[in-house]
Amino acid sequence: MAADNAPWLVIGLGNPGPSYAATRHNAGFLVVDLLAQRMGGRFKAHRGGVDVVEGRIGGTRVVLGKPKSFMNLSGGPTAALRDFFKVPVERIAVVHDELDLPYGTLRLKRGGGDNGHNGLRSITKSIGTREYLRVRFGIGRPPGRQDPADFVLKPFSSVENKELPFHVDRAADAVEALVTESLEAAQNRYHAEA
């Protein structure tokens, strides 16, 4: 079990820069940005190529991280934060886009494969385990024969954009439940709403 004074580390996955800001692949960034707002913090550069916000969620110490590397290199910055803040794996949560879930669907789990997600693959390799928590933000499958790698780098559709604030808000709520209650409590609440 984690030492009681160890913080939680919540990593949002995305790609840096304005050209990627509104894309499906940046769902993780959108969620941690909202969490930072709720915590009253602003992201600041940290060593290891990652922007961080330190604060509390319901009295629990939390470090939010946004790797400044591209998605497929997210592991190095994640491992750097884990080492710097001495975070045990059971308190690491990664928020990421998920092709295999319908748009707006939210799923939380511990461990599992990377399912072709380069950000998860990089994190698993860098921290040496896949037993971290995942908050999976459904973005749906690409239409027709569109390449998934191309689809994730496209902006949300106008219809999706109308619902996006609600889904991001709900995902942030789920992260808060994960941190302050438990994985099971968050799953019971947010899986049932789908």
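Sequence positions, counted from 1, serve as the residue numbers for this chain.
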Novice: With a 4.0 Å cut-off, would you call Arg130 and Asp114 a salt bridge?
Specialist: no
Novice: Leu106 and Ala171: which non-hydrogen atoms are nearest, and at how many Å?
Specialist: CD2-CA, 3.6 Å
Novice: If I compare all heavy atoms of Lys68 with all of Val50, which pair ends up nearest, and what's the gap?
Specialist: CE-N, 3.9 Å
Novice: Taking Arg134 first and then Glu98, would you say they form a salt bridge - that is, a charged N and a carboxylate O separated by under 4.0 Å?
Specialist: no
Novice: Atom CG of Leu81 and atom CZ of Arg47: how far apart are they, to the nearest 0.5 Å?
Specialist: 10.0 Å
Novice: For a quick test of reading the model, state the closest non-hydrogen atom pair linking Leu9 to Thr78 and the distance between them.
Specialist: CD2-O, 4.0 Å
Novice: Measuring from atom CD1 of Ile127 to atom CG of Asp83, what distance do you get when rounded to the nearest 0.5 angstrom?
Specialist: 10.0 Å
Novice: Main chain of Leu13, side chain of His25: is a donor-acceptor contact present, judged purely on distance under 3.5 Å?
Specialist: no
Novice: Counting the benzene-type ring for Trp, do His167 and Phe156 have ring centres under 6.0 Å apart?
Specialist: no
Novice: Using the rule side chain to side chain contact (heavy atoms under 4.5 Å, CB included), only one of Val95, Val62, Thr180 pairs with Val175; which is it?
Specialist: Val95
Novice: Is the closest side-chain heavy-atom distance between Pro7 and Arg91 below 4.5 Å?
Specialist: no
Novice: Under a 3.5 Å distance rule, please check whether Asp147 uses its side chain to pair with a backbone N or O of Ala149 as donor and acceptor.
Specialist: yes
Novice: Short question: side chain of Thr105, backbone of Leu101 - any donor-acceptor pair under 3.5 Å?
Specialist: no
Novice: Quick check: closest heavy atoms across Gly140 and Phe151, and the distance to 0.1 Å?
Specialist: O-CE2, 3.3 Å
Novice: Drop me the distance from Thr129's OG1 to Glu90's CD, to the nearest 0.5 angstrom.
Specialist: 10.0 Å
Novice: Measure across Trp8 and Thr60 and return the closest heavy-atom pair with its distance rounded to 0.1 Å.
Specialist: CD1-CG2, 3.6 Å
Novice: Quick one about Thr124 and Tyr132 (side-chain donor to acceptor, distance below 3.5 Å, no hydrogens or angles considered), yes or no?
Specialist: yes
Novice: Looking at Glu54 and Lys44, does any basic side-chain N land under 4.0 Å from a carboxylate oxygen?
Specialist: no
Novice: Would you mind checking if Arg38 and Asp169 are paired as a salt bridge, meaning a charged N to carboxylate O distance below 4.0 Å?
Specialist: yes
Novice: Quick one: pull up NE2 in His117 and CZ in Arg136 and give me the separation to the nearest 0.5 Å.
Specialist: 10.5 Å
Novice: Show the numbers, then the answer: is there a side-chain contact (heavy atoms from CB on, under 4.5 Å) between Val10 and Val32?
Specialist: CA-CA 8 Å; Val10 179; Val32 295; 4.0 Å; yes
Novice: Supply the atom-to-atom distance Asp97 CG to Ile139 CD1, rounded to the nearest 0.5 angstrom.
Specialist: 4.5 Å
Novice: Tell me whether Thr23 contacts the main-chain N or O of Leu153 through its side chain, where contact means a donor paired with an acceptor under 3.5 Å.
Specialist: no
Novice: Let me check something: do Val87 and Leu64 share a hydrophobic cluster, defined by ILVMFWY side-chain heavy atoms less than 4.5 Å apart, either directly or through other members?
Specialist: no
Novice: Who passes side chain to side chain donor-acceptor pair (under 3.5 Å) against Ser69, sequence neighbours left out?
Specialist: none
Novice: Report yes if the side chains of Leu120 and Asn115 come closer than 4.5 Å at any heavy-atom pair, otherwise no.
Specialist: no
Novice: Tell me whether Asp51 contacts the main-chain N or O of Pro67 through its side chain, where contact means a donor paired with an acceptor under 3.5 Å.
Specialist: no
Novice: Within a strict 4.5 Å, meaning less than it, do heavy atoms of the Phe84 and His46 side chains meet?
Specialist: yes
Novice: Could I get the full list of side-chain contact (heavy atoms from CB on, under 4.5 Å) partners for Lys154, not counting sequence neighbours?
Specialist: Arg24, Gln146, Asp150
Novice: Hey, what do you get for CG (Leu30) to CG (Leu35), rounding to the nearest 0.5 Å?
Specialist: 11.5 Å
Novice: Would you check if the side chain of Ser74 reaches a backbone N or O of Met71 as a donor-acceptor pair within less than 3.5 Å?
Specialist: yes
Novice: For the side chain of Arg170 and the backbone of Tyr190, is there at least one donor-acceptor N/O pair under 3.5 Å apart?
Specialist: yes
Novice: Which heavy-atom pair separates Phe29 from Gly14 by the least distance, and what is that distance?
Specialist: CE1-N, 3.4 Å
Novice: By side-chain contact (heavy atoms from CB on, under 4.5 Å), which residues pair with Gln37, not counting sequence neighbours?
Specialist: Leu34
Novice: Would you say Val152 and Val135 are hydrophobically clustered, going by side-chain heavy atoms of ILVMFWY under 4.5 Å?
Specialist: yes
Novice: Do the side chains of Ile11 and Val52 join up, straight or via other hydrophobic residues, at under 4.5 Å, putting them in one cluster?
Specialist: yes
Novice: Is it the case that one hydrophobic cluster holds both Val94 and Leu133, taking links as side-chain heavy atoms less than 4.5 Å apart, direct or via other members?
Specialist: no
Novice: Would a hydrophobic clustering, with Ile, Leu, Val, Met, Phe, Trp and Tyr connected at side-chain separations under 4.5 Å, put Tyr20 with Leu164?
Specialist: yes
Novice: Decide if atom NZ of Lys86 counts as having more than 12 heavy atoms of other residues, nucleotides or ligands within a radius under 6.0 Å.
Specialist: no
